[in-house]
Amino acid sequence: MEIKQIGKDYYFYEKGVLQSVYPPTAALGYTYHLYLVPPFKPKRVLVLGWGAGTIPGLIKHIWGKKIKIVGCDILVFNDRWVVKQNAFD
């Protein structure tokens, strides 16, 4: 995993392909991540492939912090996201 920092924003690449952005709104509209946010307000969301939490962060940014999000990943990316169900609360 390659991490590039531009100002206060972090971009996470795997084999040259952008995987995650932190904060999630850093590149809003310039990456594919926004297409993975539901077009309707969900009650709860299951995220397979949590990564750095870009998609859950965008869902909470757009639909509110009360959305319940459960996520998993095969790799431990950062202990900040490992146990927390609602990492952006």
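Here the structure is a predicted model, which means the values were calculated and not measured. The chain is numbered in sequence order, starting from 1.
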With sequence neighbours excluded, what pairs up with E2 under the side-chain contact (heavy atoms from CB on, under 4.5 Å) test?
K4, Y13

Identify the heavy atoms of W50 and G71 that sit nearest to each other, and give their distance.
CE3-CA, 3.2 Å

The remaining residues in the hydrophobic cluster of V17, counting side-chain heavy-atom contacts under 4.5 Å among Ile, Leu, Val, Met, Phe, Trp and Tyr, are none

When rounded to the nearest 0.5 angstrom, what distance separates CZ in F12 from CD1 in I3?
5.0 Å

On a heavy-atom basis, the closest approach of V21 and A27 is CG1-N, 4.1 Å

Using the side chain to side chain donor-acceptor pair (under 3.5 Å) rule, collect all pairs that involve residues 24-35, keeping only residues at least two apart or in two chains.
T31-H33

Roughly how far, to the nearest 0.5 Å, is the CD1 atom of I62 from the CG atom of L34?
5.0 Å

For P42, which residues count as a side-chain contact (heavy atoms from CB on, under 4.5 Å) partner, sequence neighbours excluded?
P38, F40, V45, W63, I67

NZ on K43 to NZ on K66, rounded to 0.5 Å
14.5 Å

Side-chain heavy atoms under 4.5 angstrom apart, residues restricted to Ile, Leu, Val, Met, Phe, Trp, Tyr: same cluster for Y22 and M1?
yes

Pairing residues for I6 by the side-chain contact (heavy atoms from CB on, under 4.5 Å) criterion, not counting sequence neighbours:
Y11

What's the shortest heavy-atom distance between D9 and P23, and which atoms?
OD1-CD, 3.4 Å

Just by distance, do the side chain of E14 and the backbone of G16 share a donor-acceptor pair under 3.5 Å?
no

Point-to-point distance, once rounded to the nearest 0.5 Å, from NE2 of H61 to OG1 of T54:
13.0 Å

Minimal heavy-atom distance between L58 and P24, with the atoms involved, is CD2-O, 3.4 Å

